[in-house]
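Below, each value reflects all heavy atoms present in this structure, side chains not excepted, and no hydrogens, waters or symmetry copies.
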Amino acid sequence: MTVASHVYFSRRVAPLLVLGFASGLPIALTGGTLQAWATVEQVSLEQIGFLTLVGSAYTLKFLWAPLMDRYVPPILGRRRGWMLVTQLLLAITIMAMGMLSPKSALLPLALLAVMVAFLSATQDIVFDAYSTDVLRRDERGAGVAIKVLGYRLAMVVSGGLALILADQWLGWGPMYVLMGVLMLLCSAATLWAPEPEQPASAPRSLGVAVVEPFREFFSRRGAYTVLTLIVLYKLGDAFAGALSTTFLIRGAGFDPTEVGTVNKVLGLLATIVGALAGGSLMARWGLYRSLMAFGILQAISNLGYWVIAVSPKSLWLMATAIGVENLCGGLGTASFVALLMALCQQRFSATQFALLSALSAVGRIYLAGPLTPPLVHWLGWPGFFLLTVAIALPGLVLLWRQRRVIDALESPA
């Protein structure tokens, strides 16, 4: 076994698989799975549309992240204590959802779903902070990969598998109870997970916890340049993926079953393989070299969509292009999240990671989403996908210019 692969069995890395599973489990239960349940129960389309607001907590979690930095539960320390509290409360509230029905008690069920989303977003805050605090520099890539693996497996369990269990075996209510039991079992990993080797003290006041993470970050030399890099690094990837499903169905002529099968099965596997491979390579290559290599591969992989756009319809071609694109995206995600971890100061890792991860979504939400449709109308699909490769280049140039800053992040403190 190589040193690079052995890192996955580290005492600090291995528990992140189950903790990542706990992080991903509630998402679908308050999103697609809940909507499916409401649809089966003949809830009106307007009311189902209202349920989409349930997940707002995930986009607003940076607002209460300072509380997780400031206050320490009486057991298991600042990070594991909050993880245990949120996991136990999640288990209870998810099981409580199974006691209701969207047909007869939609409002109470929706309120419970809001509570699940809030607790889940809070668990994400502390889990990201814990990962940032506990992993050594050479373990960050592997830690991110294991988190991605656990998270994606949970999405399969609470998404696709949950629908099958509800429809064919258990019914909707008992299925939600089972998901709550799974969350309860995941809390054992929190008890097993180690404390950070050098735990930082909590901020002395809530005011410090709110203000100091910003002051500390923006007092660093080149802080605004680093923030720009965070927005730009995966921007080409974001543009290519913004309307990829629409392109494959409407532009390339594949049917939804073909697209769904390839995206859900092959895409999921390729992303997991990419993240795991990225974690292993990062242990040998270091952060900057990995970011550059994986960023280049991310950009080049967008050409797969261009090949689909200019070639005769071929399921094998589509599967190959999607597989390569997701593989390279998984590589890029491993190094990118490791960069976010490296940028956080341990005292404020909950707040700083929440803010940096929110900033990383700016390109996908506010640039790629609105701008992709007019660009496609203007350039056509082939021209648009060539443009996404060019969109990735500024991030790579900025990354090269910041190579000394990124290398310094891995230097001993």
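Few gaps surround CE on M95; more than 12 heavy atoms of other groups in view lie less than 6.0 Å from it. The neighbour count for K313 NZ, taken as heavy atoms of other residues, nucleotides or ligands under 6.0 Å away, is above 12. For R220, the CZ atom counts as densely surrounded, since its 6.0 Å shell holds more than 12 non-hydrogen atoms of other residues, nucleotides or ligands. More than 12 non-hydrogen atoms from other residues, nucleotides or ligands lie less than 6.0 angstrom from CZ of R70. Residue W192 places its CH2 atom among more than 12 non-hydrogen atoms of other residues, nucleotides or ligands, all under 6.0 Å distant.
Side-chain polar atoms of Q87 and T190 form a donor-acceptor pair below 3.5 angstrom. In the model, Q352 has no side-chain atom that pairs as donor or acceptor with a side-chain atom of Q345 under 3.5 Å. For S131 and R79, the side-chain atoms include no donor-acceptor pair closer than 3.5 Å. Residues W82 and T122 have side chains that never bring a donor and an acceptor to within less than 3.5 angstrom of each other.
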Item to complete: Evaluate the salt bridge (charged side-chain N to carboxylate O under 4.0 Å, His left out) criterion for residues D237 and K234: first the C-alpha distance (whole Å), next the side-chain angles of each, then the deciding distance (0.1 Å), finally the verdict.
Response: CA-CA 5 Å; D237 212 37; K234 289 184 77 70; 3.6 Å; yes
Discussion item. Go through it in stages, so that I can follow the logic: the residues are I300 and V389, the test is side-chain contact (heavy atoms from CB on, under 4.5 Å), and I'd like the CA-CA distance, side-chain angles, deciding distance and then a yes or no.
Written reply: CA-CA 7 Å; I300 294 173; V389 179; 5.9 Å; no
Practice prompt. Starting from the C-alpha separation in whole Å, work towards a yes-or-no answer on side-chain contact (heavy atoms from CB on, under 4.5 Å) for I308 and F254.
Written response: CA-CA 11 Å; I308 296 174; F254 297 100; 4.2 Å; yes
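Between the SG atom of C186 and the CZ atom of F21 there is a distance of 5.5 Å, given to the nearest 0.5 Å.
Here the side chains of L182 and M179 are in contact, with some heavy-atom distance below 4.5 Å. Counting only heavy atoms from C-beta outward, the side chains of L281 and R284 approach each other to under 4.5 Å.
For the pair K147 and F353, the distance from NZ or CZ to the six-membered ring centre is under 6.0 Å and the angle to the ring normal is within 45 degrees.
Ring planes of F384 and W381: perpendicular class, angle over 60° (limits at 30 and 60°).
For the ring pair (Phe, Tyr, Trp, His ring centres under 6.0 Å) with F385, the qualifying choice from W306, F239, Y305 is Y305, the only one to do so.
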